[in-house]
Amino acid sequence: MPFDVFAEVVANTPLSSDYNVLALSAPTIAATAAPGQFVMVKGGHGHDPLLRRPFSVFEVLRDARGAPTGISLLNKRIGVSTGLLYAAQPGQRIACFGPLGSSFTPVDAPGEAWMVAGGVGLAPFAMLAEALRARSAPTTLFYGARRAAELFCLDLFRDLGVDLVLTTEDGSLGERGRVVAPLKRWLASRAGDAPAMIYACGPEGMLAAVAKTAICHGRPCQVSVERIMGCGMGGCYSCVVPMRSERGAFHHVRSCLDGPVLPGDQIIWE
């Protein structure tokens, strides 16, 4: 059951000149959110922007007793909506509707979890990492960006017991190149019968590469797709994804309802 609330900004932590983490007081959403789900957010109260925008739930915030009090969003300033969220001040109230969509299915130990993130695609993995730690599943994050200054929240994941494999396109931190390259090497080095699940979120090209790599190695893969959404409730059909069913039939699904988390081997990657 999604909730429509005016969430108060608790904190706004800048990570760079374009990225920030926005903490919102939204206990009803926090109490029901699952890893990979999203919220529809409107940063202003006027007509620009007119529609809300989707954001993955980054963290569930808790009080000293462990009770959920709110959520955080990982935001990249690229337009009007994200610019408003970047500039939001504590005490400001922001329209927030959720949680929405499907969620990741965490694996249990001894199965391994390999999370693959590109840029702001890091967003759904903090919650997933917490869920995996609770299941004692060994977890690795393959995280890529253009440069070292765009790799964020590394200590957060280290504190959750996640092993990090980092790549940058300019070689300023970790391996030079794209994040799929070390994933391919890891897959090639693992026994085929060793249980593992691949999770991916990021640009469409990266998701396609990860999904195709997983298929080649016979590994299951859950991907969180990024689509433009007008409503988040299935009414506008702006977020459809072409899929192939288990029987091979072509069809479309709305990523706000059936996704954003979808099986990578069933998406038709163009």
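Not one N or O on the side chain of T13 forms a donor-acceptor pair closer than 3.5 Å with the backbone of A11. Of the possible polar contacts, one joining the Q222 side chain to the T105 backbone as a donor-acceptor pair under 3.5 Å is found. In this structure a side-chain-to-backbone donor-acceptor pair under 3.5 Å is missing from N75 to N20. A side-chain donor-acceptor contact under 3.5 Å links S102 to the backbone of G259. The closest donor-acceptor contact from the side chain of H45 to the backbone of R93 lies under 3.5 Å. No donor-acceptor pair under 3.5 Å is formed between the side chain of R133 and the backbone N or O of L160. Between the side chain of S136 and the backbone N or O of A109, no donor-acceptor pair lies under 3.5 Å. Using modelled atom types, one side-chain atom of Q89 and one backbone atom of A87 make a donor-acceptor pair closer than 3.5 Å. Within the 3.5 Å criterion, the main-chain N or O of D170 finds a donor-acceptor partner in the side chain of R176.
The line from CG of L74 to CG of L85 is 11.5 Å long, rounded to the nearest 0.5 Å. We find the CG-CD distance between L156 and E130 to be 7.5 Å, quoted to the nearest 0.5 Å. For the atom pair CE of M115 and OG1 of T140, the computed distance is 8.0 Å after rounding to the nearest 0.5 Å. Rounding to the nearest 0.5 Å gives a distance of 11.0 Å between SG of C153 and CG of D159. Expressed to the nearest 0.5 Å, how far CG of D265 lies from CE of M243 amounts to 8.0 Å. Taken to the nearest 0.5 Å, the CG atom of L141 stands 14.0 Å off from the CH2 atom of W114.
Around CZ of R62, the count of heavy atoms belonging to other residues, nucleotides or ligands within 6.0 Å exceeds 12. Within a 6.0 Å radius of CD1 in I228, other residues, nucleotides and ligands contribute 12 heavy atoms or fewer. Heavy atoms from other residues, nucleotides or ligands lying under 6.0 Å from CZ of R77 number more than 12.
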**Request:** Could you walk me through whether I71 and C96 pass the side chain to side chain contact (heavy atoms under 4.5 Å, CB included) test, one step at a time?
**Result:** CA-CA 10 Å; I71 61 173; C96 187; 4.2 Å; yes
**Item:** Verdict with supporting geometry, K184 and C216, side chain to side chain contact (heavy atoms under 4.5 Å, CB included)
**Value:** CA-CA 10 Å; K184 289 180 177 179; C216 289; over 6 Å; no
**Item:** Stepwise side chain to side chain contact (heavy atoms under 4.5 Å, CB included) check, F97 with M233
**Value:** CA-CA 10 Å; F97 180 55; M233 297 180 291; 3.5 Å; yes
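By the criterion of side-chain heavy atoms lying less than 4.5 angstrom apart, applied directly or through intervening Ile, Leu, Val, Met, Phe, Trp or Tyr residues, L128 is grouped together with V162 in one hydrophobic cluster. Note: the hydrophobic cluster containing M127 does not contain V10 (ILVMFWY, side chain heavy atoms under 4.5 Å, direct or indirect links). In the hydrophobic cluster analysis, where Ile, Leu, Val, Met, Phe, Trp and Tyr join through side-chain heavy atoms closer than 4.5 angstrom, V180 is grouped apart from L173. Linking ILVMFWY residues whenever their side-chain heavy atoms come closer than 4.5 Å, directly or via other members, leaves L61 and I94 in distinct clusters. Note on V223 and V261: separate hydrophobic clusters, where clusters join Ile, Leu, Val, Met, Phe, Trp and Tyr whose side-chain heavy atoms are under 4.5 Å apart, directly or indirectly.
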Name the atoms and distances for all side-chain donor-acceptor pairs under 3.5 Å in residues 22-32, with sequence neighbours left out.
unit_1 : atom_1 : unit_2 : atom_2 : d
T32    : OG1    : T28    : O      : 3.2
T32    : OG1    : I29    : O      : 3.4

Distance-only check: which donor-acceptor pairs under 3.5 Å involve side-chain atoms of residues 51-59, not counting sequence neighbours?
unit_1 : atom_1 : unit_2 : atom_2 : d
R52    : NH1    : D4     : OD1    : 3.1
R52    : NH2    : D4     : OD1    : 3.2
R52    : NH2    : D4     : OD2    : 3.4
E59    : OE1    : S72    : OG     : 2.7

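No option in R185, R219, H217 other than R219 meets the side-chain contact (heavy atoms from CB on, under 4.5 Å) test with R190.
The residues R178 and E169 are annotated as salt-bridged, a charged nitrogen and a carboxylate oxygen being separated by less than 4.0 angstrom.
Taking all atoms of both residues into account, the shortest heavy-atom contact from A34 to S103 is CB-CB, 3.7 Å. Taking every heavy atom of both residues into account, G121 and E226 meet most closely at CA-OE2, 4.2 Å. Taking all atoms of both residues into account, the shortest heavy-atom contact from E150 to A145 is O-CB, 3.6 Å. Considering all non-hydrogen atoms of both residues, L132 and A113 come closest at CD1-CB, 3.5 Å. V60 approaches P68 most closely through the heavy-atom pair CG1-CB, 4.0 Å. Across all non-hydrogen atoms, the minimal contact from G44 to L84 is N-CD1, 3.7 Å.
Using the six-membered ring where Trp is involved, Y19 and F152 have ring planes that are tilted, between 30° and 60° apart.
Side-chain rings of F125 and F157 stay apart, their centers remaining 6.0 Å or farther from each other.
Residues S245 and H251 are in side-chain contact: their nearest non-hydrogen atoms beyond the backbone lie under 4.5 Å apart. Contact check for W269 versus E204: side-chain heavy atoms found under the 4.5 Å cut-off. By the 4.5 Å heavy-atom criterion applied to side chains, V107 and Y199 are counted as neighbours. Side-chain atoms of L164 and Y143, non-hydrogen and from C-beta on, never get closer than 4.5 Å to each other. Counting only heavy atoms from C-beta outward, the side chains of L187 and I198 approach each other to under 4.5 Å. Between V210 and C221 there is a side-chain heavy-atom pair separated by less than 4.5 Å.
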